[in-house]
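Single-structure report; data block below.
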Protein chains: 2
Amino acid sequence: MDNRKFEKISRALSDASRITVLQQFRKKQGCLYCAEITDMLDLTQPSISHHLKQLVDADLLIPEKEGRNVKYVLNQKVLDDYIDRLNAFKA
Amino acid sequence: MDNRKFEKISRALSDASRITVLQQFRKKQGCLYCAEITDMLDLTQPSISHHLKQLVDADLLIPEKEGRNVKYVLNQKVLDDYIDRLNAFKA
DNA sequence: TTTGAATATTTGAATGTTTCGATATGTTTA
DNA sequence: TAAACATATCGAAACATTCAAATATTCAAA
């Protein structure tokens, strides 16, 4: 992971709505449907779509189309790589 | 660490200059002087001061005044807490 | 106690982000 | 095929961030 990608992931993580979304993945074994996410945030559908795009563009979520629904899967590998970069800051 | 603090740290980490600064701490055993940081970035002094303030406000760096110089120390504890929150996203 | 060096704050312009309403795209079902 | 549904994109308003120039503050040394 290069610095540009680290920066992009950090930016994706720097928003209250997106943090809330990510926290819900634990309860659902790492995958959530778009509709479930829309239900849990008090935002319009386009806003939620925008936030999800940021998380997908940062590779934190992997979208999987199922008919007219979209299932988002948490990308644990990217999360682990990001954590490795954080640990590398330490002396 | 609450969500607001997690968000603040993420935002502090979402800038190329600030990432560069943090990466230098490893080479210097976790502490750097303001002047060293100013030397390594191609930005004006006020801009660098502003970036350092964001890292300090996020508690990633602890400023220690030494006469008219400032020594910045990397806050490993906050980094560890942040990593714990990231791991908590995982299923 | 003035001078100079190191760092911080303020200001303003340019740019980026968040949000929403409207609309578009793609998919299932009647 | 038409209607209903789920999600994405567009366009614009409100707000936040970044950067540099100018200025202020703090401290050490002369």
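The chains referred to below are lettered A, B, ... by the order of the sequence lines, with proteins before strands, and numbering in each begins at 1.
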Original post:
Please give, in whole Å, the distance from D:dT26 P to B:Lys71 NZ?
Top reply: 22 Å
**OP:** Consider only side-chain N and O atoms of B:Ser17 and B:Thr20, and report whether a donor and an acceptor are under 3.5 Å apart.
**Re:** no
Subject >> Near-strand residues of residues 26-41 of chain A, defined as heavy-atom separation under 4.0 angstrom from DNA chain D >> reply: A:Cys34, A:Ala35
Original post:
Do A:Lys77 and A:Asp81 meet the salt-bridge criterion of a basic N to acidic O distance under 4.0 Å?
Top reply: yes
Original post:
Is there a donor in the side chain of A:Thr38 and an acceptor in the side chain of A:Tyr33, or the other way round, less than 3.5 Å apart?
Top reply: no
Original post:
Counting only side-chain N and O atoms of A:Arg68, is one of them less than 4.0 Å from OP1 or OP2 of C:dT25?
Top reply: no
Original post:
In the strands shown, is D:dA30 matched to any nucleotide by a Watson-Crick or G-U wobble pair with both distances under 3.5 Å, and which?
Top reply: C:dT1
Original post:
Are A:Glu64 and A:Tyr72 close enough that a side-chain donor and a side-chain acceptor fall under 3.5 Å?
Top reply: no
Subject >> B:Lys5 bridged to B:Asp59 by N-O distance under 4.0 Å >> reply: yes
Original post:
To the nearest Å, how far apart are A:Arg11 CZ and D:dT17 C1'?
Top reply: 8 Å
Subject >> Strand contacts (DNA chain C) in residues 42-56 of chain B, 4.0 angstrom heavy-atom criterion >> reply: B:Gln45, B:Pro46, B:Ser49, B:Lys53
**OP:** Check the distance between C:dG4's C1' and B:Asn69's CG and give it to me in whole angstrom.
**Re:** 14 Å
**OP:** Grab the CD-C1' distance between A:Glu7 and C:dG16 for me, whole Å please.
**Re:** 12 Å
Original post:
Any idea which heavy atoms bring B:Cys31 and B:Lys71 closest together, and the distance?
Top reply: SG-CD, 4.0 Å
**OP:** Whole angstrom is fine here: how far is it from CG in A:Asp15 over to C1' in C:dT18?
**Re:** 8 Å
Original post:
Does the distance from a Lys or Arg side-chain N to an Asp or Glu carboxylate O, for B:Glu7 and A:Arg18, drop under 4.0 Å?
Top reply: no
**OP:** Answer yes or no: is there a side-chain heavy-atom contact under 4.5 Å between A:Asn75 and A:Tyr82?
**Re:** no
**OP:** Assess the side chains of A:Asp15 and A:Gln54: does a donor N or O sit below 3.5 Å from an acceptor N or O?
**Re:** no
**OP:** For B:Asp57 and D:dA16, give me the distance from atom CG to atom P, rounded to whole Å.
**Re:** 16 Å
